[in-house]
Student: 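If you scroll down you'll find the structure; I have some questions about it.
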Number of protein chains: 2
Amino acid sequence: MTTSQIADMLRSNGLKVTPQRVEIIRFLQAHRVHPTAQQIYEHVLRKVGSVSFTTIYNTMRVLEQMGQVRKIPITENAAIYDIDTSDHGHFVCEICGTVYDIAYKASFQIPHQARKTELIVYGVCERCMKTQ
Amino acid sequence: MTTSQIADMLRSNGLKVTPQRVEIIRFLQAHRVHPTAQQIYEHVLRKVGSVSFTTIYNTMRVLEQMGQVRKIPITENAAIYDIDTSDHGHFVCEICGTVYDIAYKASFQIPHQARKTELIVYGVCERCMKTQ
DNA sequence: CTATTTGCAAAGTGTTTGCAATGAC
DNA sequence: GTCATTGCAAACACTTTGCAAATAG
C-alpha cells in the first residue's frame, strides 16, 4: 500500500491524514509482526520524530473500529495488534515471546450468536526448541 | 469436596490450611462460575470476615501453579479463573458478560510444541438474544 | 478559519511487591 | 517457637482522559 493509498483509506473513513497515522499504518503493513503499542510507538517516534502514546492508542482504536486492525488479547501484559484481519489463530512462544499466525479449523456447537473467535496456542516455537 | 478434602489437598501440596484458602477453593467449586479476583474477594470477605486482594492473588497464583485452576485471559479488564482444568473453550457474552464453557474440536498444524490451547468465542448469548 | 488531532500530565484499573504483624502447626 | 501467610500501603504496567496548543483541509 502506497502512502497515497493509505491517505485515501484514512480520508474515506472521515479521518485526517497525519504523519503519525500514516507511519503507524505503514509500519503495520511493512513488518507484519504483531507489535505492542510500545513497539509501534518506538517505530513511529524514530520515523516521524514526534508521537505520543495517546496518539498510538487513539489511532489503534479508530483502526480497530474501522475493521482495519485486530487487537489480540495475549495473556499477560500488553495487547498486540494485527493488521491481518482474516480468520486465523496465533501461536505464542513462551520463551522468546514471538507471535506466529496459525491456520486452524475449529468446530463447536453453541446456542449463542458468535461474532468473533480467538484461538491462541501457547508453547515453545521451533527456533527456541532447537536452541534449548 | 469436603473441607477436610480441601485441607488435604492444600497440605499435600505443602501449603498451610488457612480459612481464606479454604473458602476460596470452596467458592470456586461450589459455584462453578468464572469469577474475577474481585468476585472471589467479595465472597471470601463475606464468609471469612477478613481477606485482602494480596491473599486472593497469591492463592490464585499457587493454585494455578498446582494445576488446580486455569486463568483465562478474557479480552479487556480483569482475568477470570476456572476450576475446571479440563480441555474446553469459553464463550463470552458481550452484553451481560457471562462466560459459558463450550466444547470444541480444533485442528491446526504447527511446527511448534503446543502446551496450552485457549479458545474464546465472543458474541451474544441465548438469554440476551431473547431479551433484546 | 474550523474542526480534528496531537501530546502532556494526571487519573484509572488490575495486579504485584516490601515488609511488619499474625497465625498455622 | 518457627516459618509461612496475611494484609496494608505503595509501586507497577498498560491504557484512558482532560484540556490546551498545534495542524489538516
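Within every chain, numbering begins at 1; the chains are lettered A, B, ... in the order of the sequence lines, protein sequences first and strands thereafter. Computation of the quantities below employed the complete heavy-atom set of this structure, encompassing side-chain atoms and omitting hydrogens, waters and symmetry-equivalent molecules.
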Student: From the set dG7(C), dT6(C), dT15(C), return the single nucleotide nearest to any side-chain atom of S50(A).
Tutor: dG7(C)
Student: For E94(A), enumerate each residue passing the side chain to side chain donor-acceptor pair (under 3.5 Å) test, keeping only those at least two apart in sequence or located in another chain.
Tutor: R115(B)
Student: Check the distance between dT4(C)'s C1' and L10(A)'s CG and give it to me in whole angstrom.
Tutor: 13 Å
Student: The test is salt bridge (charged side-chain N to carboxylate O under 4.0 Å, His left out); show your working for R26(A) and E23(A) and say whether it passes.
Tutor: CA-CA 5 Å; R26(A) 220 206 300 270; E23(A) 196 52 44; 3.1 Å; yes
Student: Measuring to OP1 and OP2 of dA24(C), would you say a side-chain N or O of R21(B) lies under 4.0 angstrom away?
Tutor: no
Student: dT5(C), dC25(C), dT15(C): which one has an atom nearest the side-chain heavy atoms of L15(A)?
Tutor: dT5(C)
Student: Measure CD1/I74(A) against P/dC14(D) and give the value in whole Å, please.
Tutor: 15 Å
Student: Want to settle it: does I80(B) or F53(A) sit nearer the 5' end of DNA chain C, counting the closest nucleotide to each?
Tutor: F53(A)
Student: Name the residue closer to the 5' end of DNA chain C, choosing between V17(B) and A37(B) according to the nucleotide with the nearest heavy atom.
Tutor: A37(B)
Student: Would one find a side-chain N or O of T36(A) under 4.0 angstrom from OP1 or OP2 of dC14(D)?
Tutor: no
Student: Rounded to the nearest angstrom, tell me the gap between atom CD1 in I24(A) and atom P in dT5(C).
Tutor: 12 Å
Student: Side chain of P19(A) only, heavy atoms from C-beta on: which candidate in dA24(D), dG14(C), dT6(D) is closest?
Tutor: dA24(D)
Student: Are E118(A) and R70(A) ion-paired here, with the side-chain N under 4.0 Å from a carboxylate O?
Tutor: yes
Student: Looking at Y122(A), I'd like to know if the NZ or CZ of K116(B) sits under 6.0 Å from its six-membered ring centre while staying within 45 degrees of the ring's axis.
Tutor: yes
Student: Tell me which nucleotide among dT15(D), dA4(D), dT6(D) gets nearest to the side chain of N58(B).
Tutor: dT6(D)
Student: Just compare dA24(D), dT17(D), dT15(D) and give me whichever is closest to any side-chain atom of R61(A).
Tutor: dT17(D)
Student: Hey, does the side chain of Y57(B) come within less than 4.0 Å of dT15(C)'s phosphate (OP1/OP2), counting only N and O?
Tutor: yes
Student: Of the listed nucleotides (dT6(D), dG7(C), dG25(D)), which one gets closest to any side-chain atom of Q20(A)?
Tutor: dG7(C)
Student: Write down the distance between CG (L63(B)) and P (dT5(D)), rounded to a whole number of angstrom.
Tutor: 12 Å
Student: Measure the distance from CD1 on I40(B) to P on dG7(D) and round it to the nearest whole Å.
Tutor: 15 Å
Student: Can you name the atoms? Protein N/O to nucleotides 8-13 of chain C N/O, anything below 3.5 Å, with the distance.
Tutor:
from	atom 1	to	atom 2	distance (Å)
dC8(C)	N4	T54(A)	OG1	2.9

Student: Can you tell me the distance, in whole Å, between the CD1 atom of I6(A) and the P atom of dA24(D)?
Tutor: 17 Å
Student: If the plane angle is over 60° it's perpendicular, under 30° parallel, otherwise tilted; pick one for H31(A) and H43(A).
Tutor: perpendicular
Student: Would you indicate whether the side-chain heavy atoms of P35(B) and L28(B) approach each other to under 4.5 Å?
Tutor: yes
Student: Under 4.0 Å, heavy atoms only, any strand: does Q38(A) hit a base, just the sugar-phosphate, or nothing?
Tutor: nothing
Student: Expressed in angstrom and rounded to an integer, what is the separation of Q65(B) atom CD from dT16(C) atom P?
Tutor: 11 Å
Student: Let me know the distance between CE of M60(B) and C1' of dG14(C), rounded to the nearest Å.
Tutor: 15 Å
Student: Working to the nearest 0.5 Å, report the span between OG1 of T117(A) and CG of L119(B).
Tutor: 6.5 Å
Student: Centre-to-centre under 6.0 Å for Y100(B) and H112(A), is that the case here?
Tutor: yes
